[in-house]
Each structure stands twice: as structure tokens, then as C-alpha cells.
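Not measured: the values here are computed from a predicted model.
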Amino acid sequence: MSTQFTNESLSSLTADWLVLALVESAPLSASITELDQALGGLISRLIESEDFTGKAGTTTTLLGITEIKTPRILLVGLGTAESLSLGSLEKAMTTAARSISSKPKTNIIVALPEVENNVLSAEQLATVTSTSMIVGAVGQDLYRAEAAHSPFQTITIAGTGDTAASQQAVDRGRILGESINLAREMVNRHAGDIFPVSFADRVVEIAKLTGLEAEILDEKQLKQEKMGSMLAVAQGSDQPPRLAILKYQGADASAPTLALVGKGVTFDSGGLSLKPSDGMKTMKCDMGGAAAVLGAMHAIAQLKLPVNVIGYMGLVENMINGSSYKLGDVLTARNGKTIEVLNTDAEGRLVLADVLALAVDRGASNLIDLATLTGACVVALGEEVTGVFANNADWSKAVQDAAQASGEDVWEMPMFPQFAEQLKSDVADLKNVGTRWGGAITAAKFLENFVSETPWVHLDIAGPAFAAANAPHREGGGTGCMVKTLVEVAARYGSA
């Protein structure tokens, strides 16, 4: 796929489609006015007749255009200038991409919107547009004979900004889009394709392509590292566990290290606390945290950010056989804490406990973990908002600011000490579950036992990591959520 920026006039460019994103109730920009004149006032007439209003997410298709070199035009509405944000721009642009990506080898031109009195910079507009065109043109239909969507062959983004800066922004958007699609693909592949060993193999492949350093710990090495909590989850599966680690050094060795930790339960049956069929249907997505870490590391390496980052992906299957871990078992985690198991379906926190402890022992300066951890977080925040839990206010604010700058919705949840009372066990240091009340918070309080004093943020992505159905602006399946946020955190971390 080729992505490029141009400041040539829209009527002089040749492609299969021209995408025009227009603001509601606003005069046409100079470049669109020039195009409208070449089209004999067609766009103006559509607006005057209210056949196109510019309301957010609305589209109008114009076919058989002969006045310019591109025969098809898609108009997409951005809503009002005051309401335009990174998130709404992304929705509009992915809607456009999904509308025109039904045929392979399609070449498109996208005119960057020119919006007066809006806080978004030209570079932000170019990056979001580039990312959206790449993400929107790729579906979840990996196993269909005929895909509903096909990646564009070329994407030309047209605007009036500085050519060098705009091309850099377009390139950044392409890298982010490809990295999000990598995370989406990992989630969308079924559990027969993506299991701990095959996930680890993909990590090694990505490392070779991007210049990252990969380290894979097998079952024997995990035992040597005393990862008893993670190993217990894996022991009911015929698929052996793996810990995949990717290292990126873009700064001096003495610089602080950002650690990204992802839950990688490649399929979650619930173990002996077996899920019902409806609860198990989408459990190929339970490695969404590890997929986000892989996608973020893929982007960080290609962007050559001046930062040191290590990505840890704890990979297991939670299945059932005669060796499955049981209710009442007491596990010993890497840091020596003992855990009474009262629900084998609360397994993600058991995996993360050991991986977080290892990241701390290996010198992480700051930690972020991501996990499709609790249905309770979905109950609290819905399906499109990530829950934020932290032990350090400054670090939490840094992550939230990066999410806002990336157009991803997050919300901080309380971490009051009394929630930890639910995790007290009579036979061990901790129970792996509390009561049903505040379940997302008690899960985070459990993880807090394994990060020592390291500044840490836990992101519960159980809602936004997987979309149950298609929407005009979004493909169903894996979303690649938080990849952009992690990359933004790393970029700011390196420049701090």
C-alpha cells in the first residue's frame, strides 16, 4: 500500500474515488470551491437542496463524473466545526473508507478538511485521515472466499499544508493504521490459528521485520522464573504457555524504561468455572491486551521514537483437562505471594500477576498493563470506554492525556483501600476474586500487589477491544483499541 501527500488541485488528480469531508453549515473552502466550479456547481446544488447536509457520518455518492479525472466522489459529513474532534473525524473517515473499499486495487484521493476555528492541526488531520483509510478498508472476514473489504492500493491525501510536515504526518498515520490492523488481525484469528506458540512465533516474525529484539520464554524457563500463577492457568491446556518479550532501545541504556504488559489468554473457556456458550463465543479476543502491546511495539519501532520500551505478552490458554487448576488451589506467584483460587475464570489477573512482577524485577521505570479483564468494567463504562486504574496520580494523568490526544475514550476508576479488603483470604495472602460488587476495581487491586512501588496504570479494555457487530464507522471484531494511546505515551515518555 502506498500513501502520499500532495498539494495539487483536486481536479487535476486521477484515482478511482475522491473523498470530500465537509463541515455542516459552513462555506466551502477555497479548494472545494475550485473543484465545485469544475463540476459545474454540483456540490453547491446538493447542499442547497439538502441532499447533502454535512451531518456527522452521513454520506452521498456521486458516480459517472466526467468533468474531472476521477469518476466517483464520496461526500462525507463531519458535523459542525465546533463538534469536530479526533474521535469524530476518525468515525467519519472510517465510514468513508468502509463505503468505498469493496473492490480490490482501488486508488483513492482524500481531501483534508479545512475547518475554521477548530483546534485540530493540519498534521493531526493528516495523521487521523491516513490511519482511518487504512483501518476502515480492512475487515474481519479473514476466512471468507470473497472479502467484503480490500485495502486500498494507493492513498493520496490532498491538502494545503507544508509538504514535508504533512507527508511525515501521513506516514505516521500509515504506521499507526498498519499497527492497529496487526492487533485486529491477531484478535480476529480463531484460537486454532492463534495459540501461545503461534502468537510467540508471530512476535519473532514482527521483531525481524522491525528490528526489535525478541525473547521467548518457554514452559521450562517460566518454571525457572517462578511464574507459578501463570503456569497454573496454562496447565489445563494441551497448548504450552509462552512469555513473549519485545525490546526496543531508542534512547541511552541509562534512560528510564517503559514497560507494556498485555494479557494474552488466546482462548478462555473459563476453566473448571466453565463459561456458558454465549459467554465463550468471543473468547478468542481474550488476548486483546497482548495484541495491543504487539501492535504498539510494531509502531514504536517503525517511528523510531527516542525511548526505551519493553513489551511483555503473557500467553496461555485457559482450558479443561485432568490437570486443570482447581477451586481451592493455592498458587505461589513470582513475587512470593500466595493466591487462593476461588474462580478459574478470573485467570487473566493470575497471568498478569507474574508478568507484572517480572517486568518490575527487570527494571521497569513505569508500567502499563492492558487486559480484557472484567465484565464488571463493561457494566460500569459500556462497550466503548476503557477503564483506568492506577497507583500513581501523575502517571495516570500522563496516560489519560495521551489517550485524549489519540482520540480514545478512557475513564479513571477509584482505587480506594477498602476494595482490597474483599481479597483477603483465610488460607493465603490473597483470593483471586472478591464479591460481585466493584469487580473491575477489586481486579485492579489484586494486580496492585505485583507492581511494588513502580508507577503503574491498568487499562481494562474488556468493552472496547472487541465489537460485537459492524457499524457504519466500525468493523465488527477486534478493534485494536489503545494501540494509538500506547504509542502516544511512548512518544511523550521519550521527549520528557
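- In this structure, Val170 and Arg174 have side chains that are not in contact, with every pair of non-hydrogen atoms separated by 4.5 Å or more.
- For Gln168, the CD atom counts as loosely surrounded, since its 6.0 Å shell holds 12 or fewer non-hydrogen atoms of other residues, nucleotides or ligands.
- A 4.5 Å side-chain heavy-atom check between Val330 and Val427 finds at least one atom pair inside the cut-off.
- Using a cutoff of 4.0 Å between basic side-chain nitrogens and carboxylate oxygens, Glu488 and Arg492 are scored as salt-bridged.
- Looking only at side-chain heavy atoms (C-beta outward), Val487 and Leu303 come within less than 4.5 Å of each other.
- The distance from the OG1 atom of Thr454 to the CG atom of Asn391 is 8.0 Å, given to the nearest 0.5 Å.
- Within the structure, salt bridge (charged side-chain N to carboxylate O under 4.0 Å, His left out) contacts touching residues 316-330 (residues at least two apart or in different chains) do not occur.
- Ser269 and Asn318 get closest at one heavy-atom pair: OG-O, 2.7 Å.
- At most 12 heavy atoms of other shown residues, nucleotides or ligands fall within 6.0 angstrom of atom CD in Glu453.
- How far OG1 of Thr129 is from CE of Met93: 3.5 Å, rounded to the nearest 0.5 Å.
- Legend: residues meeting side-chain contact (heavy atoms from CB on, under 4.5 Å) with Ala200, ordered by chain and number and at least two apart, are Ile216, Arg242, Leu315.
- How far OG1 of Thr131 is from CD of Glu178: 10.0 Å, rounded to the nearest 0.5 Å.
- Taking all atoms of both residues into account, the shortest heavy-atom contact from Ser132 to Ala97 is O-CB, 3.8 Å.
- By the 4.0 Å N-to-carboxylate-O rule, Glu408 lies too far from Lys484 to be salt-bridged with it.
- Formation of a donor-acceptor pair under 3.5 Å by the Trp395 side chain with backbone atoms of Leu367 is found in this model.
- The ring pair (Phe, Tyr, Trp, His ring centres under 6.0 Å) search around Phe152 returns none, not counting sequence neighbours.
- Nearest heavy atoms, Ala96 versus Val19: CB-CG1, 3.9 Å.
- Looking at Met287 and Val265, their side chains never come closer than 4.5 Å, going by heavy atoms from C-beta outward.
- In terms of heavy atoms, Gly264 sits closest to Ala290 at CA-CB, 3.7 Å.
- Among residues at least two apart or in separate chains, side-chain hydrogen bond (donor to acceptor under 3.5 Å, both in side chains) pairs with a member in residues 371-389 are Asp286-Thr372, Thr374-Asp460, Glu384-Arg474.
- In terms of heavy-atom proximity, Ala183 sits nearest to Val483 at CB-CG2, 4.0 Å.
- Under the ring pair (Phe, Tyr, Trp, His ring centres under 6.0 Å) criterion, Phe389 pairs with His458, sequence neighbours left out.
- Asp354 contributes no side-chain N or O that, together with a main-chain N or O of Ala357, makes up a donor-acceptor pair within less than 3.5 Å.
- Judged as a ring pair (Phe, Tyr, Trp, His ring centres under 6.0 Å), not a single pair has a partner in residues 288-344 (not counting sequence neighbours).
- Between the side chains of Ser396 and Gln400, at least one donor-acceptor pair of N or O atoms lies under 3.5 Å.
- Between the side chains of Asn366 and Tyr493, at least one donor-acceptor pair of N or O atoms lies under 3.5 Å.
- The CD atom of Gln140 sits 11.5 Å away from the OG1 atom of Thr479 when rounded to the nearest 0.5 Å.
- A donor-acceptor pair under 3.5 Å is absent between the side-chain atoms of Ser425 and the main chain of Glu340, judged by distance alone.
- A distance of 6.0 Å separates CG in Leu243 from CG in Leu358, rounded to the nearest 0.5 Å.
- Residues passing the ring pair (Phe, Tyr, Trp, His ring centres under 6.0 Å) test with Phe450, sequence neighbours excluded: Phe446.
- Looking only at side-chain heavy atoms (C-beta outward), Met482 and Leu459 come within less than 4.5 Å of each other.
- Considering every non-hydrogen atom in both Met319 and Ser324, the closest pair reads O-OG, 3.4 Å.
- A donor-acceptor pair is defined here as one N or O able to donate and one able to accept, closer than 3.5 Å; no such pair exists between the side chain of Ser130 and the backbone of Thr127.
- The shortest distance between side-chain heavy atoms of Leu327 and Leu342 does not fall below 4.5 Å.
- For the 3.5 Å distance criterion, the side chains of Asn107 and Thr154 qualify, holding a donor opposite an acceptor.
- Between Gln422 and Thr435, the side chains place a donor N or O and an acceptor N or O closer than 3.5 Å (distance only, hydrogens not considered).
- Counting only distance, with no hydrogens or angles, the side chain of Gln167 and the backbone of Phe5 share a donor-acceptor pair below 3.5 Å.
- Residues meeting the side chain to side chain donor-acceptor pair (under 3.5 Å) test with Asn343, sequence neighbours left out: Ser273.
- Judged by distance alone, with hydrogens and angles left aside, the side-chain atoms of Asn432 form no donor-acceptor pair with the main-chain N or O of Leu350 at under 3.5 Å.
- Around CD of Gln239, the count of heavy atoms belonging to other residues, nucleotides or ligands within 6.0 Å exceeds 12.
- For Thr338 and Asp429, the side-chain atoms include at least one donor-acceptor pair closer than 3.5 Å.
- Listed for the Asp141 side chain is a donor-acceptor partner under 3.5 Å among the backbone atoms of Ala148.
- Pairs passing the salt bridge (charged side-chain N to carboxylate O under 4.0 Å, His left out) check and including a residue from residues 96-107, sequence neighbours excluded, read Arg98-Glu475.
- Among residues two or more places apart in sequence or in another chain, the side chain to side chain donor-acceptor pair (under 3.5 Å) test is passed with Ser102 by none.
- Residue pairs meeting the side-chain hydrogen bond (donor to acceptor under 3.5 Å, both in side chains) criterion with at least one partner in residues 199-218, sequence neighbours excluded, are Glu185-Arg202, Glu215-Lys247, Glu215-Arg362.
- You'll find the side chain of Val135 reaches within 4.5 Å of the side chain of Arg184, heavy atoms only.
- A salt bridge links Lys275 with Asp268: the distance from a Lys NZ or Arg NE/NH1/NH2 to an Asp or Glu carboxylate oxygen falls below 4.0 Å.
- Partners of Asp278 under the side chain to side chain donor-acceptor pair (under 3.5 Å) rule, at least two apart in sequence or in another chain, are Lys281.
- Judged by distance alone, the side chain of Arg349 and the main-chain N or O of Leu373 form no donor-acceptor pair under 3.5 Å.
- Taking the side chain as every heavy atom from C-beta outward, Lys424 and Lys431 never approach each other to under 4.5 Å.
- Although no hydrogens or angles enter the test, the distance criterion places no donor-acceptor pair under 3.5 Å between the side chain of Thr266 and the main chain of Ala191.
- Residues Trp456 and Asn392 have side chains that never bring a donor and an acceptor to within less than 3.5 angstrom of each other.
- Side chain of Ser101 to main chain of His149: no donor-acceptor pair is present (N/O by atom type, distance under 3.5 Å, no hydrogens or angles).
- Atom CG of Asp238 is surrounded by 12 or fewer heavy atoms from other residues, nucleotides or ligands within 6.0 Å.
- Atom NZ of residue Lys226 and atom CG of residue Leu231 lie 13.5 Å apart, to the nearest 0.5 angstrom.
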What do the steps show when you test Tyr143 against His190 for ring pair (Phe, Tyr, Trp, His ring centres under 6.0 Å), and what is the final call? CA-CA 10 Å; Tyr143 302 102; His190 66 82; 5.1 Å; yes

